[in-house]
Structure formats: structure tokens, C-alpha cells
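Right, one structure below, let's go through it.
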Amino acid sequence: MKNKKITRKITQGMYVLTTKNGGCIVDAVSQISAGDNPLIAVAVMKTNYTNELMKKNDRFALSVIGKEEDGNIIKTFGMQSMKDVNKFENIEVTELEGVNIINSSLGYMFCETIDSIDNDTHTLFIGKLIEADIFKEEEAMSYSYYQEHKDDLIKVTTEKGRTAWICTICGYVYYGEVIPDDFKCPKCGVGKELFEKK
């Protein structure tokens, strides 16, 4: 038996990852060294446009999402592509070396990319922390909290009278009575096992 939902119990936060000309929601972030300029690692899905942008740029920022953050931040950065929309159009930001920081966040980490490691689904980008600040002393949103409150945070709407399957990772909606066994989410690439029927 394999129940991959156990991975949601791994303690991790929710962040807006930004680089020049783009950004997305990420949750796989970790401090991997100490010192004055600790190393910060972030995993970005290969199918995500931000992955492409991260490979072109040598700076990135992680804005920490608070528990009280407006769900529109998650919808804006987690359910759209910069190929289609300007995610920053209606978001208040501060620019740092061409990289946008989310003003409503709890704070940010600004890093210089020093390495990247590819695996089958994600690229792990490793950055040296060169600047950081705290904007608010509030509780950060955990990935577990996001999963528990996702319906309220992202409020995915479906067409009345149609069977809908919603991706529990990115909110993509698939319509049909059943999902094909080999189906992969066109937005985030996960399999049918991570879709919930509505």
C-alpha cells in the first residue's frame, strides 16, 4: 500500500518564489548550511515556467506566506503561468536587483544561485543568502495548514451539473466521470491519485 498523502505531514512552509520576470508558489524549501550567508535550497517542478526562468537568472527571492495571507496570493502564483498573465500586475511588491518581493509576506530571503541539481520531476536550486528581512511577526503558513484549508484559500469553482476532479496540488479541474489511469495534471504534472472528486 502506498498513500503519498503522508508526505503532507513533512513540516514545511509556503512561499512565493520569485526571480526576474516570474514566480510561483513553492513548499519544498530548506536551510542546508549555517553561518553569515547560509545556503537555502528550493525545489521547483520542471514543468513550471519559473523553473526555466530560474535557470536563466542568478538571483531569486523567497517571500514567506503567513497563515493570514489572502488566498489570492496562492491563486495568483500557484494556478497561473507568467506565459499567460502578469502575476505581479495587482500585487504590491518591492523590487530588489530585478527580483520582486511580496510586500504582504512575513518577510523574505534573497539569494544568489550557486548550484542546481536535476532529478526526474524537479530541479533543486541552491542559493547563498545575501539579504533578508522580517516584515511581520506572525505565524507562517505550513503546507499542512494549506492542505487543510485549501478549499477556502483557493475557492475553486466548477461548472454546475458536471462531475469535476480537482488537483489537490494546484487546483486544476478535470471534467469527466472517471479520470484515465495514465492522466497527468497539465499544470503541475501529478497523477490521478492526487485528484479529488467534487
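Computed from a predicted model, the values in this text were never measured in an experiment.
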message: My understanding is that only residues two or more places apart in sequence, or in another chain, count here; which of them pass side-chain hydrogen bond (donor to acceptor under 3.5 Å, both in side chains) with E139?
response: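 So E139 forms a side-chain hydrogen bond (donor to acceptor under 3.5 Å, both in side chains) with K67.
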
Show the nearest heavy-atom pair for residues [X] and [Y], with the distance to one decimal.
X    : Y    : value
D120 : K46  : O-CD, 4.0 Å
K197 : E177 : NZ-O, 4.5 Å
G176 : W165 : O-NE1, 2.9 Å

- prompt: Sequence neighbours excluded, which residues qualify as side-chain contact (heavy atoms from CB on, under 4.5 Å) partners of D70?
  reply: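 Testing D70 for side-chain contact (heavy atoms from CB on, under 4.5 Å), a comparison that skips the adjacent residues, returns N72.
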
- prompt: In the single-linkage hydrophobic clustering (I, L, V, M, F, W, Y; side-chain heavy atoms under 4.5 Å), do L124 and I40 co-cluster?
  reply: no

field: Hydrophobic cluster membership, I102 vs L53, 4.5 Å side-chain cutoff
entry: yes

- prompt: According to the interplanar angle, ranging from 0 to 90°, do the rings of Y108 and F135 count as parallel (below 30°), tilted (30 to 60°) or perpendicular (above 60°)?
  reply: tilted

[atom2] on [Y] to [atom1] on [X], rounded to 0.5 Å:
X    : Y    : atom1 : atom2 : value
C167 : K192 : SG    : NZ    : 14.0 Å
M82  : K87  : CE    : NZ    : 7.0 Å
E131 : M109 : CD    : CE    : 13.0 Å
T50  : K83  : OG1   : NZ    : 10.0 Å
L39  : I114 : CG    : CD1   : 4.5 Å

Aromatic centroids of F183 and Y174 separated by under 6.0 Å: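 Yes, close enough.
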
query: So does I134 have more than 12 non-hydrogen atoms from other groups sitting under 6.0 Å from CD1?
result: no

message: Please check if the number of heavy atoms outside D36 that lie under 6.0 Å from its CG is greater than 12.
response: no

message: Could you tell me if T123 and D118 have a donor-acceptor pair between their side chains, going purely by distance under 3.5 Å?
response: yes

- request: Establish, from distance only, whether the side-chain atoms of S104 and E92 form a donor-acceptor pair under 3.5 Å.
  value: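 There is no such pair (donor and acceptor under 3.5 Å, judged by atom type) between the side chains of S104 and E92.
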
For residues 15-23, tabulate all N or O donor-acceptor pairs below 3.5 Å that involve a side-chain atom, not counting sequence neighbours.
unit_1	atom_1	unit_2	atom_2	d
T18	OG1	N100	O	2.6
T19	OG1	R59	O	2.8

